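Here is the structure we will look at, set down as structure tokens.
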Amino acid sequence: MELDIADHLNYIEINAPKLSSLKLGSKLNSICFKNTPLLTDVSIIMANDVNHDLVNRGTCNLVEFFGSLPALKNLCLGHPIIKILITRIIDRIPEKLPMPLVNLRKIYLFDVCLSDLHEIRCLLCLIKSSPYLEEIIVIINQAINKEGVDDLRVLKHLEAQYDSGIKLNRLTKVKLIDVMGTKVEMEFIKLLLATSPMLEKMMIAPYYIEPESPQTLVEILKEIPKMTEEVPSRRSCDRISGLPINAIDDILTRLPLRDAVKTSILSRKWRYDWAKVTKLTLDESLWKDLSTHEVRVKLEHLETLISRCPLLEDIELDISNPLRYIQLNAPNLKFLNIGSKIISICFKNTSFLADVSIMAENLNHGPVESLDVNRDFVERGTCDLREFFGSLPAIKNLRLDHFIIKTLITGIDEIPMTLPMPLLNLRKIYLFDICLTGLGEIRFLLCLIKSSPNLEEIIIINQAINNERGDDLTSLELLKAEYDSGIKLNRLTNVSLIDIRGTKTEMKFIKLLLAKSPVLEKMMISPFYIGPESPQTLVEILMQINTFQRASPRAIINFNF
């Protein structure tokens, strides 16, 4: 989206779930992003006549602004928008953002005033929150730069950064334009040179040098080479620390978690490198050599561990003690496999999560009847059906069991017919131990199917025990209504239904799938044990299904006994 209009906009909120690029050149007092998980390129260059008295009404501050851009890769900001972002938090600009910008590679800042303490704090916050930053371009606005007058507070703040452990380990290119040679500018250049071990090129374009300028061009040229001499040589490091960053990351990824964490005691340089691991596996093997097996994993420690590893792409969690609530904050996460007993879960900043498996009734730990799904508890903190899937815009493969499904539908009064945002990427659904005679589960299943226009495969393992209570008449009426509706499963090709007993609800659901799937290729039905008390005999089930209308001429029904 490109927006460049003459009218002055007071406030704009951008809600665009598929937006990947934004270029904004209009006059604007405030801006806020909502539901922009795929936005990678942002350019906001506005006119200088911003009314900062209006900024307090509605706009995002620095923290909220970047917290809404988890996929941000290239950033271009002008002086006005920078002032807007820090106006509301002028006295509490953070050292780092709460969530690192792990995808940010290039920063372009236009008309920055390096002599302003608040702007330099904003700039340093942005740089220190971008561990994979590769390029920085800064155009200094000398017209508002106090004409070269140095701010002592800014100098002290820059000098203090050397002791803060700042490292720009991926920075390779820097461009600084309109440099006059002020003490602040030279200290900023010195800081970049000293903390960028992979830097390949720094380009400096001097501002027009006048007689009253802080330094002549010759003096600037003489001083900068001295700074490079003060930068410690990478050759003085030990052999392992001197390895390329990608090699160190690869080593840590291949180590078991316990060994990777142990590298933090090697030196200050290695202290936090283990947090760059891309896969995290937490199971009983981590403490199998301890004298007691009663190790309990707390709710809040696990959340902290995951949030402090911003590069995580794969999480496997399989522990014996129950977790009542967990919030996952992992901006790069793509795969999640939970086999632990868990009552409620909430996703935050998981825009790339494509594969989700939550099987609370894992066979290794037995059933979870001891963990009651209490409605009052569920309403405090956990995501309901809408929030759960609203936080998973990239979901492709989904595996859920009866217990987590009950959790998702317990906290809402009425299950919607469809989700507010369709699951455009969802291809495969695997539901374990679902009760096809229960109204809540049927509503959940239909909501999920109708919200997934590109669904290709459905696998359902029926909860045979609960089928003994008979058919729910309301479920039957709901399925009949769907049969007459305009529902179409235009991409569905494979269906597997396991532990089918031949109840009216089950048969009506099978009939619905066959009638509404025009490209269906295969439906596999595996009957449950058929006894004298079963709703239908095996022969009756086979005969009835074979009479159902099929929208797809290629559909084959296989019975697996």
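All values below come from the heavy atoms of this structure, side chains included, with hydrogens, waters and symmetry mates left out. Positions are given from 1, in the same order as the sequence printed here. All of these numbers come straight from a predicted model, not from anything done at the bench.
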Should the pair R399 and Y430 be classed as cation-pi, given the thresholds of under 6.0 Å to the six-membered ring centre and 45° from the axis?
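Yes, a cation-pi geometry holds between R399 and Y430.
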Closest approach of I487 and K516, non-hydrogen atoms and distance?
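I487 and K516 have their closest heavy atoms at O-CD, 3.1 Å.
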Any chance you could measure [X], atom [atom1], to [Y], atom [atom2], to the nearest 0.5 Å?
X: D433; Y: I498; atom1: CG; atom2: CD1; answer: 11.5 Å
X: D401; Y: T407; atom1: CG; atom2: OG1; answer: 8.5 Å
X: E457; Y: K428; atom1: CD; atom2: NZ; answer: 4.5 Å
X: N462; Y: L436; atom1: CG; atom2: CG; answer: 4.0 Å

Looking at side-chain heavy atoms only, is the closest gap between P420 and R386 below 4.5 Å?
yes
Less than 4.5 Å apart, side chain to side chain, heavy atoms only: is that true for P393 and P17?
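Counting from C-beta outward, P393 and P17 never come under 4.5 Å.
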With side chain to side chain contact (heavy atoms under 4.5 Å, CB included) as the test, would you mind laying out the steps for E303 and I326 before giving the verdict?
CA-CA 7 Å; E303 288 179 354; I326 184 173; 3.8 Å; yes
Please name the residue in the list L101, I136, N103, L171 that meets the side chain to side chain contact (heavy atoms under 4.5 Å, CB included) test with S130.
L101
So which of L72, I81, N74 actually passes side chain to side chain contact (heavy atoms under 4.5 Å, CB included) with V42?
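Output: one option passes, namely L72.
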Who passes side chain to side chain donor-acceptor pair (under 3.5 Å) against K128, sequence neighbours left out?
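K128 satisfies side chain to side chain donor-acceptor pair (under 3.5 Å) with E95, Q161 only.
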Evaluate L353 against I395 for side chain to side chain contact (heavy atoms under 4.5 Å, CB included), listing each step before the verdict.
CA-CA 6 Å; L353 187 50; I395 186 69; 5.6 Å; no
Before you tell me yes or no, could you show the steps for N61 and I86 under side chain to side chain contact (heavy atoms under 4.5 Å, CB included), namely the whole-Å CA-CA distance, both residues' side-chain angles and the distance that decides it to 0.1 Å?
CA-CA 6 Å; N61 61 34; I86 63 178; over 6 Å; no
Test side chain to side chain contact (heavy atoms under 4.5 Å, CB included) applied to L199 and V174, step by step
CA-CA 8 Å; L199 187 65; V174 174; 3.8 Å; yes
Walk me through whether R105 and E134 qualify under salt bridge (Lys or Arg N to Asp or Glu O under 4.0 Å).
CA-CA 5 Å; R105 298 296 185 267; E134 297 173 355; 3.8 Å; yes
How are the rings of F389 and F444 set to each other: parallel, tilted or perpendicular (split at 30° and 60°)?
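The rings of F389 and F444 sit tilted, inter-plane angle from 30° to 60°.
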Answer yes when R491 and E456 have at least one side-chain N-carboxylate O distance shorter than 4.0 Å, and no when they do not.
no
